[in-house]
Each structure stands twice: as C-alpha cells, then as structure tokens.
Amino acid sequence: MKLNILGCYSATPRTFTNPTSQVLEINNHLFLIDCGEGTQVQLRKNKIKFSRIKHIFISHLHGDHCFGLAGLISTFKLLTREADLNIYAPKGLKEVITLQMKLSDSWTNFRLIFHELTSKESELIFEDEKVQVYTIPLKHRVYTNGFLFKEKQGERKLDKNAAQEANIDIAYYRKLKQGFDVKNKEGKLIKNESVTFDPTKPKSYAFCSDTMYSESIIPLINNIDVLYHESTFLEKHAHLAEPTKHCTAKQAARIAKEANVRTLVLGHYSTRYDGLEGFKAEAQEIFQNTLLAEDGKTLEF
Ligand SMILES: [Zn+2]
C-alpha cells in the first residue's frame, strides 16, 4: 500500500496548504479519498494519473472535503474520459453534482455512478478479489463516514523445491496454494504446511476524518496497520474541538493506542498553528509511532 497525501489541512486552501485529499494505492487501485478544493492541481503536482482513478470516497459534505469534486469531474470530461467513475458519498452529493452539470449543460460522456451512503452502521461498500472497503461511521456535525481499506488474505506460497522433492504432480499446485493437503505420485498424503509457506499478512488502512473523540470506532480499526486520524487542534484548544466536533492530537493518540494500531498518521490540522511539531509531540506522549501527514508526502507500508 502507498498513501499519497495531497492535502491534510482543515477549512480553506491557502498559499502552501491544501484541504483534505489522499490517494491510496492498493492492489493496482488508485482510490481517491476526499476531494477538497484544488485536489486536481495536487494530483498533477504529485504526478498521479487521472485515468487510473475509478473510485472516489467522500467522508462528508463539508466543503474542505468535497469542493474539488465538481471541478475534477469536469476535467475528466474535458480529458475525454470513457471509464466509469464510482463515487461513494453521503446522500446529497449526487444532487449537488448533477445540479451543477445540469445548469452548465455539461453532462459527462462517461458513466458517473453514485453509491449514496445513509447507514449509521459500518457496511461493506466495495469488494473485489483482493480488496474490501468498509465505512467507519464517525461523529461529526453532519453525517460522516471514515473508510477502512483491507487487503484480503492471499493464497499460501508454494515451496517449489519441497513440492518437487515430495513428488507432487504439478496439477495439484493450485490446490496446495489454496491450503489443501494432496496426494503425491505414489499416493502418499502430503501435509500442506510441509510444502507451502504462510501468505504475507494482508495490510489495512483506516481514514478517520472528521470526527469528535469516539471510542465506538475502536472495534472497527483494531490491530490495523495504519490509522489516519484527524487532529484538528492541540489539547490547549480542546474547548474549540468539542463544539466543532473535532479532535485534539492527544485524543487521536488515545484512539490509536486503544485500537492497538501499528502506525498513527495525524492530519486535518487547523490553519491557526504555525508548525506541526506540537501535534507530533503531544500525540507521542501517548502513542510513540506517530507520523505527521504533510501535503505531498508519501507513505509506504
Ligand atoms: Zn467537517
């Protein structure tokens, strides 16, 4: 998995910072997560191929998470896109986008498929042979979901030398990868574990923005590899976090610790702060393996 942070600040685009947007590369997909204003410029700056984006996940309808979408769709049209575009977003965004297209008489020549989200429970919204995507219901001022991206458990890896030595017919290799015991050419049963290795551990990534401190997400993100959790404020501004239904860096760290994730990535910073080191220091008092999201930064895991 590779995570490209296109923008990780809250509220407005500014000279050197961008509102929320990320691209997650996972098993040949390029998933766009949130699409704040200016996302298409950030895609260009980060040299991400527009045509490879087939699925867009929008957490909620606050502008700093979706104002870039109408422009991006319009650009896709100008680039004569033909491939379907799937958009997973709260109910209402379809209305916004179609009204924009209707009033400007600029309907797309590719299929725009909206998957409108309304559930308050976690649900599976995307699945193929290798990847699943679930919603993570969050607590914010408007209906909001985070997203959990999970690789599926892969097949077992064949130890070819061991399989040849055990005199197993090549026709059974597929069965071995699927975990079955098989008979060799002499009819002797060969235990699967003696000729295969464990598959690599599937990776998982959760995007949780925007939200107030909520322990209800912990069962959904338990033991995942990487958690992006919003930390709009520092603890000294906790009185601002509460009414706006955001989190502090300390609260994000508490969630990471309780959920036993491997790495925490902080983001969605308020633009009131001059630097980001305070966020990291505050979170690391509780959860050591904390990284800072920064516009243009790439994380591989
Ligand atoms: Zn918001």
Side-chain angles (χ1 to χ4, degrees), residues 3 5-14 17-24 31-39 42 56-72 87-97 114-120 122 125 135-148 205-217 220-221 227-235 237-252 254-256 264-273 276 279 283 292-295:
L3 183 67
I5 310 281
L6 304 179
C8 61
Y9 287 78
S10 65
T12 63
R14 298 163 92 225
T17 65
N18 297 275
T20 302
S21 187
Q22 317 184 338
V23 172
L24 180 70
F31 290 142
L32 182 65
I33 309 166
D34 278 349
C35 190
E37 196 177 340
T39 292
Q42 285 297 94
I56 301 179
F57 300 85
I58 302 288
S59 63
H60 67 300
L61 300 190
H62 282 155
D64 54 339
H65 296 257
C66 67
F67 276 177
L69 190 59
L72 182 62
I87 298 170
Y88 308 79
K91 187 172 163 56
L93 190 62
K94 179 181 179 181
E95 200 183 329
V96 173
I97 298 295
F114 283 92
H115 304 261
E116 295 192 289
L117 305 176
T118 54
S119 176
K120 289 185 175 141
S122 174
I125 54 172
T135 57
I136 304 171
L138 299 174
K139 294 199 172 95
H140 193 41
R141 306 196 301 280
V142 294
Y143 175 72
T144 304
N145 289 295
F147 301 103
L148 172 64
Y205 169 67
F207 169 87
C208 294
S209 181
D210 298 357
T211 187
M212 62 185 280
Y213 179 77
S214 169
E215 292 179 358
S216 63
I217 67 172
L220 296 171
I221 59 171
L227 168 66
Y228 174 90
H229 195 290
E230 76 132 280
S231 57
T232 310
F233 298 104
L234 293 175
E235 201 54 26
H237 293 121
H239 61 284
L240 296 175
E242 217 186 305
T244 54
K245 296 201 176 171
H246 284 301
C247 274
T248 65
K250 191 175 175 182
Q251 289 174 324
R254 215 177 280 154
I255 295 287
L264 169 66
V265 181
L266 297 176
H268 199 262
Y269 317 109
S270 162
T271 48
R272 77 185 53 238
Y273 303 103
L276 300 178
F279 286 89
L292 293 171
E294 285 172 68
D295 297 5

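Each ligand, and each atom within it, is numbered from 1 in the order the structure gives. Fair warning: this is a prediction, and the values are worked out from it, not measured in the lab.
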Original post:
Mind checking what makes side-chain contact (heavy atoms from CB on, under 4.5 Å) contact with Ala293, not counting sequence neighbours?
Top reply: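 Counting only residues at least two positions away or on another chain, Ala293 forms a side-chain contact (heavy atoms from CB on, under 4.5 Å) with Ile5, Cys8, Tyr228, Val265, Tyr269.
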Original post:
Do His268 and His65 have ring centres separated by under 6.0 Å?
Top reply: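 Centroid distance His268-His65: below 6.0 Å, so yes.
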**OP:** Is it possible for you to check whether Arg254 lies under 6.0 Å from the centre of the six-membered ring of Tyr213, through NZ or CZ, and within 45° of that ring's axis?
**Re:**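 Verdict for Tyr213: a cation-pi partner in Arg254.
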Subject >> Sum of protein N, O or S atoms, each under 2.8 Å from the Zn ion (ligand 1) >> reply: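 Considering protein N, O and S only, the Zn ion (ligand 1) has 4 within range.
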Original post:
Which heavy-atom pair separates Cys35 from Ser21 by the least distance, and what is that distance?
Top reply: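 Here Cys35 and Ser21 meet closest at CA-OG, 4.1 Å.
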Original post:
So His62 and His60, would you call those rings parallel, tilted or perpendicular, with 30° and 60° as cut-offs?
Top reply: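 The arrangement is perpendicular - the two ring planes meet at more than 60°.
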**OP:** Take atom CD of Glu116 as the centre, draw a 6.0 Å sphere, and report whether it contains more than 12 heavy atoms from other residues, nucleotides or ligands.
**Re:**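 Yes, because the 6.0 Å sphere around CD of Glu116 holds more than 12 heavy atoms from other groups.
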